[in-house]
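Reading through the structure tokens given below for one structure.
Numbering of residues begins at 1 and proceeds along the displayed sequence. Numbering of ligands and ligand atoms starts at 1, following listing order.
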Amino acid sequence: MKDQQHQPRDLDGNPVTPGLPMAMLAEVTHRCPLACPYCSNPVELTRAAQELTADDWGRVFRQAADLGVLQVHVSGGEPGARRDLAQIVAHARDAGLYVNLITSGIGITRDRLEELDRAGVDHVQLSLQGIRPDMADRISGHPGSWDKKMGFADWVRDIGFPLTINAVVHRQNLERLPDMIDLAERLGARRIEVATVQFHGWADLNRRALMPTRDQAAMARQVVNDARIRLRGRMVIDYVPADHHAVYPKACMGGWGSTGLNVAPDGTVLPCHAAQSITWMRFENVRDRDLDDIWLNSDSFNAFRGTAWMPEPCQGCDRKTVDFGGCRCQAMALAGDARATDPVCSRSPFHADVVARAEADAQADPADFIYRRMKKGD
Ligand code: SF4
Ligand code: FES
């Protein structure tokens, strides 16, 4: 069934056929023992009672594999908060998907990690908030998190999982980026993702605490470049730069509805993790509609495919098939219009204001963290 509102077209008016997704983010829960202020989850978190069951996830994984998905990132919140996580993982493995477990490492015992190994986890991605106990525990809002994470990393190595470290960097930990890269190497990681905080969800509430300075952004680029040379052949460094201080935006999600999709804990299917910030958009749910139909035919996925939807200056820009006009959710947050050129682009009419606001946030006295918490009773 084709929705009617958005039919993707190129600038000549020709219909555009969507490609197939390779990866799916399965947010199996929003529950989490940590309270990181940089979290991109929506401020209105999904309650446990609304979560898909393990069998629901099994159906979604089979539909995803049929659609062409090769890899599932099992994430949250903290996926370990689901008692039936091994069952969910086993369903993903049965569907033939490569399973990447994205975890804080808190709340998963060694026995459970071994059970997850048997169930079919192929790879583990562990988040890191800092390089010392005081720093990691303060940023995560969870006393003792550092010790638990280091113990978890030992088990990952003992069991033999390939390990990626995920480090979200921001104003309050960027000075220690070289140490984070060293730590990832010591932990035996094959890869580290250095992701500058993106201001969606809870992170947007914490702009004055987290916005990096322009000098920090420049330093981070240099540190990453140097480390990539030093670690070539030993550890890969993926880097998401601070785009408020960049000339052009990032190609968010590699282009809307092009290579990946997210399924939220309640089964809502999203083109990206922050899509629900686009408040006028209606999103489909796997409880009501099959995944391939949602991917191919829904208005939400078709809204920003092709190039015909693009505004100026993107339409006349030679980078429109490089960055696809940037991030739709950032355009919504900064310009109040998800169809606008991403305002972090130097060609956007909002750019000067956005940079001035980012500079002001970065120079202000750092505000106290607003920690990510579920409302009481959730
Ligand atoms: Fe990208 Fe649009 Fe900026 Fe060109 S004008 S660089 S397409 S965001
Ligand atoms: Fe939604 Fe970038 S986070 S398009």
Side-chain angles (χ1 to χ4, degrees), residues 6 8 10-11 16 18-19 21 23-25 27 38-43 73 75 102 166 168 193 195-205 207 210 238 240-264 268-284 294-295 298-355:
H6 298 286
D10 65 18
L11 288 179
V16 170
M24 182 173 97
L25 183 74
E27 293 181 331
Y38 61 71
C39 185
S40 64
N41 281 160
V43 175
H73 305 286
S75 174
I102 300 181
N166 173 258
V168 174
E193 272 184 14
T196 309
V197 58
Q198 304 291 301
F199 291 97
H200 304 300
W202 291 83
D204 195 46
L205 301 179
R207 287 174 58 95
L210 299 175
D238 289 338
V240 180
D243 55 4
H244 282 69
H245 299 297
V247 178
Y248 299 120
K250 61 186 179 301
C252 198
M253 297 296 291
W256 182 274
S258 66
T259 57
L261 73 164
N262 292 9
V263 181
T268 306
V269 186
L270 304 169
C272 68
H273 55 282
Q276 283 164 310
S277 64
I278 304 174
T279 44
W280 52 264
M281 193 171 269
R282 180 176 158 268
F283 299 99
E284 308 296 327
I294 295 173
W295 174 264
S298 66
D299 274 343
S300 53
F301 274 82
N302 281 331
F304 304 119
R305 282 176 171 150
T307 44
W309 65 270
M310 287 184 174
E312 290 291 2
C314 296
Q315 285 222 359
C317 178
D318 56 2
R319 288 181 57 85
K320 63 176 171 289
T321 53
V322 177
D323 61 36
F324 312 102
C327 173
R328 297 304 85 223
C329 302
Q330 194 150 258
M332 183 74 199
L334 298 178
D337 180 3
R339 299 179 183 89
T341 296
D342 186 336
V344 303
C345 176
S346 55
R347 297 174 184 172
S348 159
F350 296 98
H351 181 70
D353 288 349
V354 164
V355 170

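- Here the side chains of F199 and Q330 are not in contact, with every heavy-atom distance at 4.5 Å or above.
- Ion pairing between D318 and R347 holds under the 4.0 Å rule for side-chain N and carboxylate O.
- Close approach of ligand 1 to P249 is summarised as follows: ligand atoms under 4.0 Å from at least one heavy atom of the residue are 8 (S).
- By the 4.5 Å heavy-atom criterion applied to side chains, H200 and C327 are counted as neighbours.
- Contacts classified as salt bridge (charged side-chain N to carboxylate O under 4.0 Å, His left out) and involving residues 243-255 (residues at least two apart or in different chains) are given here: D243-K250.
- The aromatic rings of F301 and W295 sit tilted, their planes meeting at an angle between 30° and 60°.
- Between M281 and D299 there is no side-chain heavy-atom pair separated by less than 4.5 Å.
- By the 6.0 Å and 45° rule, R339 does not stack over the aromatic ring of F304.
- Taking CZ of R328 as the reference point, atom CG of D337 lies at 8.5 Å (rounded to 0.5 Å).
- Contact annotation: for S348 versus ligand 1, there are no heavy atoms closer than 4.0 Å.
- Legend: ring-ring contact (aromatic ring centres under 6.0 Å, His included) pairs involving residues 319-353, not counting sequence neighbours: none detected.
- For atom 4 (Fe) of ligand 1, the nearby protein N/O/S atoms, meaning those under 2.8 Å, are C317 SG.
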Discussion item. For V269 and L261: C-alpha separation, side-chain torsions, deciding distance, then whether side-chain contact (heavy atoms from CB on, under 4.5 Å) applies.
Written reply: CA-CA 7 Å; V269 186; L261 73 164; 3.8 Å; yes

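- The tally of protein N/O/S atoms under 2.8 Å from atom 1 (Fe) of ligand 2 stands at 2.
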